[in-house]
Amino acid sequence: MQQLFKSRPTDIFLASIPKSDTTWLKAMIFATLTCINNSLDQHPLNTHNPHQCVPYMEVEFAKGRNQILEVIPSPRVMNTHLPYSLSPNSIKESSCRIVYVWRDPKDVLVSMWFFAQKILGGADKMVTFDQFYEFFYQGLNSYGPTSNYVLGYWEESKRRPEKILFLKYKHILQEPVKYAKQLAHFMGCPYSETEENQNVVEQIVELCSFKILKDFDVNKYGKHMTRIDINFRNAYFFRKGEIRDWKNHMTQEMAEWLDNITKEKFKGSGLEI
Ligand code: A3P
């Protein structure tokens with residue numbers, strides 16, 4: 001991918017650690033770019049899972065289907081779970097834009113734990129939550145230690161704010177309309193005054209909200225395939241959609257240990273949990 005992928009200046013990439021809310025941001029980015037052509041009650045998100053609307057780059061390359069990415073008309077939207085340091089140079093060097101979404105690692109851990117159970121077919125196929133926590137604590141989770149990962153994007157977003165928009169899940173959850181507008185502005189397609197007066201932003205936020213998306217038939221009963229040909233049920237991507245669910249699954253002490261690592265790594269960076 002590093003050698004073959006050629007970024008276009010108009011490309012938009014969504015980058016995140018898995019379970020940071022990629023699904024929501026895929027929906028928001030896709031809806032923002034396509035709302036002009038679609039009335040929202042007939043929008044493709046009513047019948048397509050967000051992961052079907054925005055391709056996952058590494059998977060397309062792993063499946064040898066990277067040509068698919070070449071034929072997407074501009075502006076292309078793709079997602080990646082690669083750390084910034086491993087992104088193709090073509091992405092780093094072009095004037096394409098990256099939206100990064102960050103989530104409290106404690107909630108990422110809990111979300112990963114439930115997701116892994118669903119993929120593997122039950123809790124009995126998994127290590128215990130305490131063992132999973134221990135692996136995560138040591139950075140032995142997919143895509144590696146989360147603090148190192150996020151700092152790559154954070155530092156670059158400070159250096160090049162026009163290239164990387166750094167968002168936090170908890171902020172979007174609290175003020176979705178504000179962040180939907182910021183997202184549109186960053187992608188170069190700000191909402192017009194007429195659209196704002198017609199409450200288009202609020203409607204897009206509603207369409208992409210957890211409670212609406214999760215109840216579409218495609219997200220209740222549909223499936224889509226990924227790299228290792230596991231059938232991912234679309235429903236796996238919608239669990240609780242809340243912050244601080246970690247409180248229901250780990251002790252205060254476990255939370256503090258994890259926070260301490262994160263705070264230590266973030267020291268001096270300006271990034272806070
Ligand atoms: P939980 O497991 O904590 O509920 P990803 O999309 O990166 O795989 O992350 C999945 C997490 O995002 C899950 O978190 C899921 O419920 C949450 N999520 C998915 N769609 C969402 C939406 N529209 N709004 C808020 N959260 C959403």
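Whatever order the structure lists ligands and atoms in, that order sets their numbers, starting from 1. As the structure is a prediction and not an experimental result, all values here were calculated from the model. In what follows, residues are counted from 1 in the order of the sequence shown.
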Who gets closest to [atom] by heavy atom: [options]?
atom	options	result
atom 12 (O) of ligand 1	Asp21, Ile17, Val110	Asp21
atom 16 (O) of ligand 1	Arg239, Arg103, Glu242	Arg239
atom 19 (C) of ligand 1	Phe114, Phe237, Trp24, Phe115	Phe237

Provide, to 0.1 Å, the distance between [atom] and the closest protein heavy atom, together with that atom's residue and name.
atom	value
atom 6 (O) of ligand 1	Thr23 OG1, 2.4 Å
atom 10 (C) of ligand 1	Lys19 NZ, 3.9 Å
atom 13 (C) of ligand 1	Ser111 OG, 3.6 Å
atom 26 (N) of ligand 1	Tyr169 OH, 3.0 Å
atom 5 (P) of ligand 1	Thr22 N, 3.5 Å

| field | Asn79 and Lys26 side chains, donor-acceptor separation under 3.5 Å | value |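 The criterion, which ignores hydrogens and geometry beyond distance, is satisfied for Asn79 and Lys26.
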
With a 6.0 Å cut-off on ring centres, are [X] and [Y] close enough?
X	Y	result
His51	Tyr56	no
Tyr100	Phe13	no
His249	Phe132	no
Trp24	Phe210	no

| message | So for Ser16, does at least one of its heavy atoms come nearer than 4.0 angstrom to any atom of ligand 1? | response |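 Outside the 4.0 Å threshold, so no.
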
| request: Mind checking whether Ser20 contacts ligand 1 via backbone (N, CA, C, O), side chain (CB onward), both or neither, at a 4.0 Å heavy-atom cut-off? | output: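 Under 4.0 Å from ligand 1, Ser20 contributes backbone atoms alone.
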
| said: Show me which atoms of ligand 1 lie under 4.0 Å from any heavy atom of Cys208. | reply: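 Near Cys208, the atoms of ligand 1 are 23 (N).
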
Could you give the side-chain donor-acceptor pairs of residues 181-191 under 3.5 Å, partners two or more places apart or in another chain?
{"residue": "Lys181", "atom": "NZ", "partner": "Glu196", "partner atom": "OE1", "Å": "3.4"}

| task | For the residue pair Tyr133 and Phe129, categorise the inter-ring angle as parallel (less than 30°), tilted (30 to 60°) or perpendicular (more than 60°). | result |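 Tilted, since the angle between the ring planes falls between 30° and 60°.
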
| Gly241, any N or O under 3.5 Å of ligand 1 N or O |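 Gly241 vs ligand 1: N/O contact under 3.5 Å present.
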
| said: With heavy-atom distances below 4.5 Å as the criterion, would you say the side chains of Val150 and Thr262 are in contact? | reply: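 Val150 does not reach Thr262 side chain to side chain.
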
